J.: 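Here it is, the structure in full.
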Amino acid sequence: MGDPRLPAAYLQPGSSSFADFLASQSPELLPGRRSLPPGQAGELAPHGTTIVAATYPGGVLLAGDRRATMGNIIASRDIEKVFATDEYSAAGIAGTAGLAVELVRLFQTELEHYEKIEGARLSMDGKANRLSALIRGNLGMAMQGLAVVPLFVGYDVDVAAGRIFSYDVTGGRYEETGYHAVGSGSLFARGALKKLYRPDLDEDDVVTLAVQALYDAADDDSATGGPDVARRIFPMVHLITAEGGRTVEEERVAEVSERVIAGRMGRPDGPHAPLTGGA
């Protein structure tokens, strides 16, 4: 029985895209459809900064620092940038924070709507393609400095492995192997990931890897926030396995962060990477 509050088109077979439904019924509600005055607006809005991802045997990790900046000002020290999008996927936001959070919420609704209408969960590639379309719809905003560039990860039950997808502002989709990072500190985070990543890392090691990479990003990028022991603000870490996704407890991330900080007291540039390969 239909809900009288919803247009009939909402429940029609084949209308499994909530974004398409919204575009036909109330296009002004889509993030990328709002009219803006001419000019650049990027400096006026808080920006999320660094997100890292890494696969490991049996799963995938997504983590982000907690700082948002507005120009040279710290707009927030404890923003959340990592969001579960369904049971087996998650997105981390970089770029204009407000629009990025709105886009991720729309994506969450898109996946839930598809599952209700079709009676099945989208494939991992299908999810990545849907997110690509939403980012493409924000291109007009991106041209005015309000870019949204998420990092999308998930556990693909069909191949029993974690997968990572990055995007550009036009909605271009790229699958990454092993690890990736986006945001203002991504250059430095990727450098750390490149030196420290191994495909056989266990769960504890991959969490430590993410904290090390975010620490290096914060060390060289003023827009990225490192672990804040005084305020008890630590990176947000999300793991996804065959059992589903879960956010790592703050106490556990705090323990890892404090070990990393202790190690940096003796070696500020971080742990050695071997010169000739191997562990």
Side-chain angles (χ1 to χ4, degrees), residues 46-56 59-69 74-105 107-108 131 148-155 162 164-166 179-186 188-190 192-193 197 201 203-219 221 223-241 243-261:
H47 279 63
T49 47
T50 307
I51 304 293
V52 301
T55 57
Y56 62 100
V60 62
L61 169 147
L62 185 66
D65 79 307
R66 304 292 296 277
R67 178 175 292 178
T69 59
I74 297 175
S76 176
R77 299 181 188 276
D78 60 354
I79 188 174
E80 293 187 9
K81 305 177 189 177
V82 174
F83 301 89
T85 48
D86 71 0
E87 185 180 2
Y88 290 101
S89 66
I93 61 170
T96 306
L99 279 177
V101 171
E102 196 170 349
L103 186 142
V104 168
R105 287 175 177 162
F107 183 52
Q108 291 169 331
L131 183 54
V148 175
V149 188
L151 189 58
F152 179 60
V153 307
Y155 183 83
I164 302 170
F165 297 91
S166 65
Y179 58 85
H180 197 65
V182 298
S184 64
S186 61
F188 311 108
R190 280 203 298 268
L193 291 168
Y197 176 80
L201 295 173
E203 187 177 287
D204 288 333
D205 288 339
V206 81
V207 173
T208 303
L209 170 71
V211 174
Q212 291 278 16
L214 290 170
Y215 191 108
D216 276 343
D219 199 35
D221 173 45
T224 302
D228 190 334
V229 177
R231 295 182 178 88
R232 309 305 293 172
I233 300 172
F234 300 99
M236 178 169 281
V237 181
H238 194 75
L239 300 173
I240 310 173
T241 66
E243 285 72 46
R246 73 184 192 279
T247 299
V248 179
E249 301 84 358
E250 187 176 13
E251 293 79 10
R252 183 178 172 194
V253 179
E255 287 178 14
V256 173
S257 298
E258 287 167 349
R259 288 202 306 269
V260 168
I261 292 169

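Just so we're clear, the structure is a prediction, and the values are computed from it rather than from any experiment.
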J.: Between Tyr197 and Thr55, is there a donor-acceptor pair closer than 3.5 Å when you use the side chain of the first and the backbone of the second?
T.: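 Side chain of Tyr197 to backbone of Thr55: a pair is present.
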J.: Do you know which two heavy atoms are closest between Val60 and Gly154, and how far apart they sit?
T.: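 Looking at all heavy atoms of both residues, the closest pair is CG1-O, 3.7 Å.
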J.: Under the side-chain hydrogen bond (donor to acceptor under 3.5 Å, both in side chains) test, which residues partner Arg246, sequence neighbours left out?
T.: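 Listed in chain order: Glu203.
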J.: By side chain to side chain contact (heavy atoms under 4.5 Å, CB included), which residues pair with Phe188, not counting sequence neighbours?
T.: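 Phe188 satisfies side chain to side chain contact (heavy atoms under 4.5 Å, CB included) with Asp220, Asp221 only.
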J.: Please report whether the ring centroid of Phe152 lies less than 6.0 Å from that of Phe107.
T.: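 Yes, the ring centres sit under 6.0 Å apart.
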J.: Is there a donor-acceptor contact under 3.5 Å linking the side chains of Thr241 and Tyr56?
T.: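 There is no such pair between these side chains.
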J.: Determine whether a donor-acceptor pair (N or O, by modelled atom type, separation under 3.5 Å) exists between the side chain of Gln108 and the backbone of Ala84.
T.: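 Yes, the answer is positive, given that a donor and an acceptor are paired below the 3.5 Å cut-off.
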J.: Which atom names give the shortest non-hydrogen contact between Gly183 and Ala94, and what distance separates them?
T.: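 So the minimum-distance heavy-atom pair works out to CA-CB, 3.9 Å.
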J.: Specify the closest pair of heavy atoms between Pro150 and Leu131, including all atoms of both residues, with the distance to one decimal.
T.: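 Closest pair (atom of Pro150, atom of Leu131, distance): CG-CD2, 4.1 Å.
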J.: Which heavy atom in Val253 sits nearest to a heavy atom in Pro235, and how many Å separate them?
T.: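 Closest pair (atom of Val253, atom of Pro235, distance): CG1-O, 3.4 Å.
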J.: Kindly write out the residues that satisfy side chain to side chain contact (heavy atoms under 4.5 Å, CB included) with Ala218, not counting sequence neighbours, or none if the list is empty.
T.: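 With sequence neighbours excluded, Ala218 shows a side chain to side chain contact (heavy atoms under 4.5 Å, CB included) to Thr224, given in chain and number order.
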J.: To the nearest 0.5 Å, what is the distance between OH on Tyr179 and CG on Leu193?
T.: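 The OH atom of Tyr179 sits 7.0 Å away from the CG atom of Leu193.
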J.: Hey, could you give me the CG/CD1 distance between Asp65 and Ile233, rounded to the nearest 0.5 Å?
T.: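 Atom-to-atom, Asp65:CG and Ile233:CD1 are 11.0 Å apart.
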J.: Using the side-chain contact (heavy atoms from CB on, under 4.5 Å) rule, pick out the option among Leu62, Thr247, Val101 that qualifies with Phe83.
T.: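 So the option named by the test is Val101.
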J.: Can we say Glu80 and Arg67 salt-bridge, meaning some charged N sits less than 4.0 Å from an Asp/Glu carboxylate O?
T.: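 Here Glu80 does not pair with Arg67 in a salt bridge, since their nearest N and O are not under 4.0 Å apart.
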J.: Where is the tightest heavy-atom contact between Ala63 and Val237, given as atom of each residue plus distance?
T.: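 Closest heavy-atom pair between Ala63 and Val237: CB-CG2, 3.9 Å.
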J.: Mind checking the CG-CE spacing from Asp78 to Met236? Nearest 0.5 Å is all I need.
T.: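 So the CG of Asp78 and the CE of Met236 are separated by 9.5 Å.
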J.: Given the rule in the side chain to side chain contact (heavy atoms under 4.5 Å, CB included) test, do His238 and Val248 qualify, once you have shown the distances and angles that lead to the verdict?
T.: CA-CA 6 Å; His238 194 75; Val248 179; over 6 Å; no
J.: Before giving the answer on side chain to side chain contact (heavy atoms under 4.5 Å, CB included), spell out for Arg77 and Arg66 the whole-Å C-alpha distance, their side-chain angles and the decisive distance to 0.1 Å.
T.: CA-CA 6 Å; Arg77 299 181 188 276; Arg66 304 292 296 277; over 6 Å; no
J.: Residues in ring-ring contact (aromatic ring centres under 6.0 Å, His included) with Phe165, at least two apart?
T.: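 Phe165 satisfies ring-ring contact (aromatic ring centres under 6.0 Å, His included) with no residue once adjacent residues are dropped.
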J.: Tell me, with the steps shown, if Ile93 and Val148 meet side chain to side chain contact (heavy atoms under 4.5 Å, CB included).
T.: CA-CA 7 Å; Ile93 61 170; Val148 175; 5.8 Å; no
J.: Kindly write out the residues that satisfy side-chain hydrogen bond (donor to acceptor under 3.5 Å, both in side chains) with Asp228, not counting sequence neighbours, or none if the list is empty.
T.: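 If we apply the side-chain hydrogen bond (donor to acceptor under 3.5 Å, both in side chains) test to Asp228, skipping adjacent residues, the hits are Arg231.
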J.: Looking at residues at least two apart in the chain, or sitting in another chain, which of them share a side chain to side chain contact (heavy atoms under 4.5 Å, CB included) with Glu249?
T.: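 Partners of Glu249 under the side chain to side chain contact (heavy atoms under 4.5 Å, CB included) test: Glu251, Arg252.
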J.: Looking only at heavy atoms, which two atoms of Ala90 and Ile240 are closest? And how far apart?
T.: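 Nearest heavy atoms, Ala90 then Ile240: N-CD1, 3.8 Å.
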J.: Would you say the side chains of Ser89 and Asp86 form a donor-acceptor pair under 3.5 Å?
T.: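 Short answer, yes.
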J.: Knowing that exactly one of Leu201, Val256, Val52, Leu214 qualifies, which makes a side-chain contact (heavy atoms from CB on, under 4.5 Å) with Leu209?
T.: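 The passing option is Leu201.
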J.: Can you confirm whether the side chains of Thr49 and Lys81 place a donor and an acceptor under 3.5 Å from each other?
T.: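 Yes, Lys81 and Thr49 have a side-chain donor paired with an acceptor closer than 3.5 Å.
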